[in-house]
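Heavy atoms only: backbone and side chains are in, while hydrogens, waters and symmetry mates are out.
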Amino acid sequence: MKLEEKVSWLMGRLQRSLFPQLEKCCVSPLSEQEKHLVKVLEVIEIERHIPKNQQWTGRPAAERRAIGRSFVAKAVLGYPHTRSLINELRARPNLRLICGFTKQRDIPSESTFSRAFADFASCELGAVVHDTLVQDYLQGELIGHVSRDSTAIIGREKAARKEKMVKVPRKRGRPAKGEQRPPAEEKRLDRQVRQEPAVALAELPTVCNRGTKRNAKGCQESWNGYKLHADVNDTMLPLSVFLTSASVHDSQVAIPLMKQTSSKVTYCHDLMDAAYDARGRYGNRVVNRVM
């Protein structure tokens with residue numbers, strides 16, 4: 001089933017059966033914000049990717065599937081902190097029911113939420129859910145264009161110091177007879193051509209630092225944080241995303257993203273701006289060569 005058909009069918013089922021049944025269980029009618037959250041949860045089905053806890057000894061662990069739905073609610077409803085999410089779960093019975101907590105006392109503590117969210121981040125739960133959606137609904141389709149670009153993500157932590165690169169001066173001119181010079185260090189773009197996407201992305205820095213880029217008006221703008229690189233299809237649905245340090249240039253992520261997207265879907269053309277027109281060691285355009 002295609003994505004638009006799935007969404008259309010799902011919206012009809014929600015309006016006809018699920019929302020009326022939910023409102024019978026809720027103390028008040030569902031708000032538009034809560035209905036939107038239900039729609040998102042029904043589309044992504046995060047419960048499929050969270051295993052049930054099987055703990056036979058000691059104190060039983062909190063239900064991770066309800067915490068997983070709360071994990072989505074925190075992002076969809078825009079709560080900046082876990083404590084804000086917990087306060088809303090305690091104050092809003094409808095939200096508590098949607099996330100899977102029957103009573104107020106069933107809501108875990110803030111430390112339990114934090115540990116669960118850390119586990120979700122370490123196992124890349126969001127990436128797993130996203131890749132499943134792309135595979136289920138787009139793998140068999142032919143996509144016309146894949147647009148590739150990056151956007152600034154402002155971080156709250158302190159920017160890391162930039163490490164100074166010590167350059168070893170190379171002797172100029174032709175080597176003397178019998179002289180053995182060390183080979184020049186291979187550039188990252190040339191290395192990425194033959195690397196697997198996961199290996200190439202693992203070499204890129206992901207710490208919070210300071211980045212600078214030129215905006216659409218030609219002015220320089222700087223920020224502390226990160227940079228989100230994304231491939232999207234013609235309907236602006238993300239196909240592949242990766243988060244790097246703010247100082248990473250766009251061209252350093254193009255090749256692994258291109259390979260990663262090609263392994264997921266079939267498409268005809270790549271669309272990128274001038275920042276991706278990078279040259280390799282021998283002056284050839286590496287990104288164009290991969291394409």
Side-chain angles (χ1 to χ4, degrees), residues 1-53 61-80 82 84-104 106-108 112-113 116-117 119-121 123-141 143 228 230-241 264-265:
M1 184 183 294
K2 294 183 178 181
L3 182 58
E4 58 268 21
E5 295 175 356
K6 167 75 173 180
V7 173
S8 177
W9 169 81
L10 181 61
M11 294 305 104
R13 187 174 70 88
L14 290 175
Q15 296 292 344
R16 290 192 303 268
S17 59
L18 185 57
F19 284 157
Q21 293 297 327
L22 271 176
E23 290 184 345
K24 289 180 181 179
C25 303
C26 296
V27 297
S28 61
L30 294 173
S31 64
E32 292 300 322
Q33 192 182 54
E34 291 166 349
K35 289 182 179 179
H36 177 63
L37 175 60
V38 172
K39 294 175 184 178
V40 172
L41 289 170
E42 288 298 312
V43 170
I44 66 175
E45 296 178 322
I46 194 171
E47 303 88 351
R48 293 168 49 192
H49 309 281
I50 302 177
K52 291 182 178 180
N53 287 321
E63 179 57 53
R64 284 297 177 95
R65 296 193 175 186
I67 298 179
R69 295 172 71 89
S70 304
F71 183 69
V72 177
K74 180 182 178 183
V76 173
L77 302 181
Y79 297 134
T82 303
S84 304
L85 170 66
I86 295 175
N87 291 338
E88 290 296 317
L89 286 171
R90 290 173 178 168
R92 297 170 59 178
N94 289 355
L95 179 62
R96 187 165 63 242
L97 182 64
I98 291 171
C99 291
F101 300 109
T102 307
K103 299 178 181 179
Q104 191 175 20
D106 296 333
I107 301 174
T112 302
F113 269 105
F117 289 173
D119 291 342
F120 296 159
C123 67
E124 298 183 345
L125 178 62
V128 172
V129 174
H130 174 259
D131 289 344
T132 302
L133 289 173
V134 173
Q135 183 177 5
D136 289 346
Y137 303 119
L138 297 177
Q139 194 173 36
E141 295 188 13
I143 298 174
L228 183 68
D231 282 4
V232 299
N233 65 355
D234 294 322
T235 60
M236 302 306 294
L237 181 70
L239 303 174
S240 299
V241 293
K264 297 178 181 178
V265 297

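In this structure T102 satisfies the side-chain contact (heavy atoms from CB on, under 4.5 Å) test together with D106, sequence neighbours excluded. Residues meeting the side-chain contact (heavy atoms from CB on, under 4.5 Å) test with A230, sequence neighbours left out: V241. Evaluation of the side-chain contact (heavy atoms from CB on, under 4.5 Å) rule for Q135 yields Q139 as partners, not counting sequence neighbours. Qualifying salt bridge (charged side-chain N to carboxylate O under 4.0 Å, His left out) partners for R69, counting only residues two or more places apart in sequence or in other chains: E47. Qualifying salt bridge (charged side-chain N to carboxylate O under 4.0 Å, His left out) partners for D234, counting only residues two or more places apart in sequence or in other chains: none. Take S70 and apply the side chain to side chain donor-acceptor pair (under 3.5 Å) test, not counting sequence neighbours, and it matches no residue. For F117, the ring pair (Phe, Tyr, Trp, His ring centres under 6.0 Å) criterion is met by F71, F113, not counting sequence neighbours.
Put simply, the side chain of F120 reaches to within 4.5 Å of the side chain of I67, judged on heavy atoms. You'll find the side chain of N233 stays beyond 4.5 Å of the side chain of E141, heavy atoms only. Under the 4.5 Å side-chain criterion, counting only non-hydrogen atoms from C-beta, L237 is not in contact with L133. Between E45 and T132 the shortest side-chain heavy-atom distance does not fall below 4.5 Å. Side-chain contact between L239 and K264: absent, with no pair of heavy atoms (C-beta onward) separated by less than 4.5 Å. The closest side-chain heavy-atom distance from T82 to K74 is below 4.5 Å. Counting heavy atoms from C-beta outward, L95 and L37 have side chains that approach closer than 4.5 Å.
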Side chain to side chain contact (heavy atoms under 4.5 Å, CB included) evaluation trace for R90 with I86: CA-CA 6 Å; R90 290 173 178 168; I86 295 175; 3.6 Å; yes
Go through D119 and R64 one step at a time and tell me if the side chain to side chain contact (heavy atoms under 4.5 Å, CB included) criterion holds. CA-CA 10 Å; D119 291 342; R64 284 297 177 95; 3.2 Å; yes
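In this structure, NZ in K39 is found 15.0 Å from CD1 in I44, a value given to the nearest 0.5 Å. Remark: N94 CG to K35 NZ distance equals 11.0 Å, nearest 0.5 Å.
The shortest heavy-atom contact between I50 and R65 is O-NE, 3.1 Å. The shortest non-hydrogen separation linking L89 to C99 is CD2-SG, 3.9 Å. When all heavy atoms of S31 and R92 are compared, the closest pair comes out as OG-NH2, 4.3 Å. The shortest non-hydrogen separation linking A73 to Y79 is O-CD1, 4.3 Å.
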